[in-house]
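Computed from heavy atoms alone, side chains included, the values below leave out hydrogens, waters and symmetry copies.
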Amino acid sequence: LYASEELRNDRDLVLMAVQQNGLALESASTQLKKDRELVMISVQQDGRALRYASKELKRDRNVVMTAVQQNVLALVYASEELKNDHELVMAAVRQDGRALGYASEALKNDRELVMAAVQQSGRAPKSAPSDAAKGKGKSKLASGSMCGHCKRTGELESMLRCGRCKSVSYCSRECQKVHWTSGGHKRVCGQLASAGSEDIKPMSRSRTSSETDPVHPCPICLCNEDDSGKAGMCCACGTLFCGECNTPGKLGGLPCPICRHVLDDAVVVDHLQRLLKRAEGRHTAPALHLLGNAYSTGQGVQKDFVKAAEYLHRAHDKGSIEATITLGVSFERGEGVMVDHAHAAELYRIAADKDHPKAQFNLANCYFIGKGVEQDHEKAVRWYSLAAEADYAEAQLCLGSYYAEGTGVGQDYSEAVRWFRRAAAQGNAAAQDSLASCFFHGFGVSQDATRAVELFRSAADNGLAQAQFNLAAAYFDGLGGLPRDASLAVEWFHAAANQGHVDAQFNLGVCHANGTGVHRNAKKAEDWFTRAQEQGHTQAASCLQALRKQKGAA
């Protein structure tokens, strides 16, 4: 993703990437996305890579069939013609009956396909033919509002709307009935109506699984479960998503993957404030939690920790796991409430017992430090392990560190490397740096200075001061295949020193004093030695004293 445009067009490099992860095709150049062999390898690794293929290859039956056989989700990205291919859709349905929902309207009326879907999934699929498929009803719809069931679009005036919540539109009465009975709208309609607004909770925000468990397959991964506690709903098209696929809920400001609707934070907060005023006494946990976060971070409103804590308390009382965790952070930091580490740990435990990885990680930190609970490294390892198994990168990093140091568990560098790898693969800079150190010293892996330098660079580019220092040292000494280059070393020492890295500050003092990689400058050398001395660097103090003696003698 971070490679230059030139390297994104390097076929050998992209080929290497997609062989490791088919979804790396996303970062390939437009030209390479037309390369049939490259795309075929990508979809063999992960069928969802079809999403990034060119339009021509999305019409290539062999490519699409390969993708669907690897992951039925690929059918979503196939061309309209191939969504009407009986054999191809049958291949998908035999893997997961719910895949019928992505077939053409005509095939949703195919008795053989419907029977196969029922046999595979054990129940009738959550898809039904629209009026158009039956040869009656409206003609082809123009772009505009989107049907909450079949996702067809049309002019707002021509669409039907749920009379109770007034938040979801439909292209026909049949779609409205199906969405109500088997599409999940019946479960959420009451909540949307109680909110008293036409715009429902934005997908760019989260709601807990106890509040809105999807009762129909997630349109992205087709799962029926949401164990992450972050199910989301798009405010434009009414589509429910599981927590794993609710990317806008994780990153914010991203469009709904179905209708591409986006709401920025200011609009969301303004909307919820108006919603709360109109629905006094009927506040929902997601709205209260979102307002608590808004006042805590200052997104769309003036930062106010006291108001944030008030909203978070109310959301917690209504059962929001996310609010419970955020409230725990408030008690830990004393934001809007008195500092109470014991209460923070208890709130983390409540959410951790419900298998929330962030809460498990926070509780592990409490045991690691002994904050609010008695210090207990074995319990810390237990909670870190649970969060790490749920792919929480920071927990994977901490668990790897435990194995590397042998604290609370037996020292095991191989196990440490395993966890560092998993966290580094998620882009965690500290894990990349730790994994680089293992490669550099040969701890748990074969010693490989070149690979170590690559990882140091990735972490340094992500802004980690320690990695910037390590990369600077590699340039200074010419390690890992890098040329000996004092000027580049000084640049990276500067990057780390500006973040307060004491050893980098000391080294910059040495470089300026000796004229290594930069022009000799006693004043700058004195400045950097002084900054390092203020952080307790003993050698900096003696160098500073020597430098001042030289100035006095001159």
Quiz prompt | Pairing of Arg457 and Glu454 as salt bridge, 4.0 angstrom limit | solution = no

Practice problem: For Gln95 and Val68, indicate whether the former's side chain and the latter's backbone hold a donor-acceptor pair under 3.5 Å. | Solution: yes

Quiz item: So Phe420 and Ser401, side-chain contact (heavy atoms from CB on, under 4.5 Å) or not? Walk me through it.
Solution: CA-CA 8 Å; Phe420 288 150; Ser401 298; 4.0 Å; yes

Quiz prompt | Residues Glu87, Arg61; criterion side-chain contact (heavy atoms from CB on, under 4.5 Å); working and verdict | solution = CA-CA 10 Å; Glu87 182 182 355; Arg61 191 176 187 280; 2.8 Å; yes

Donor on one side chain, acceptor on other, [X] and [Y], under 3.5 Å:
X      : Y      : answer
Ser446 : Asp448 : no
Gln396 : Asp391 : yes
Asp433 : Asn470 : yes
Gln45  : Gln20  : no
Ser54  : Glu56  : yes
Glu322 : His356 : yes

Exercise. Check salt bridge (charged side-chain N to carboxylate O under 4.0 Å, His left out) between Lys33 and all other residues, then give those that pass, not counting sequence neighbours.
Key: none

Quiz item: Which heavy atom of Ala460 sits nearest a heavy atom of Leu471, and at what distance?
Solution: CB-CD2, 4.0 Å

Quiz item: Can you name the nearest heavy-atom pair linking Ala459 to Ala467, along with the distance?
Solution: CB-CB, 3.4 Å

Practice problem: State which residues pass side-chain hydrogen bond (donor to acceptor under 3.5 Å, both in side chains) with Gln447; sequence neighbours excluded, sorted by chain then number. | Solution: none

Quiz item: Who are the side-chain hydrogen bond (donor to acceptor under 3.5 Å, both in side chains) partners of Glu37, not counting sequence neighbours?
Solution: Arg11

Quiz item: Would you call Gln468 and His494 a side-chain contact if the rule is heavy atoms closer than 4.5 Å?
Solution: no

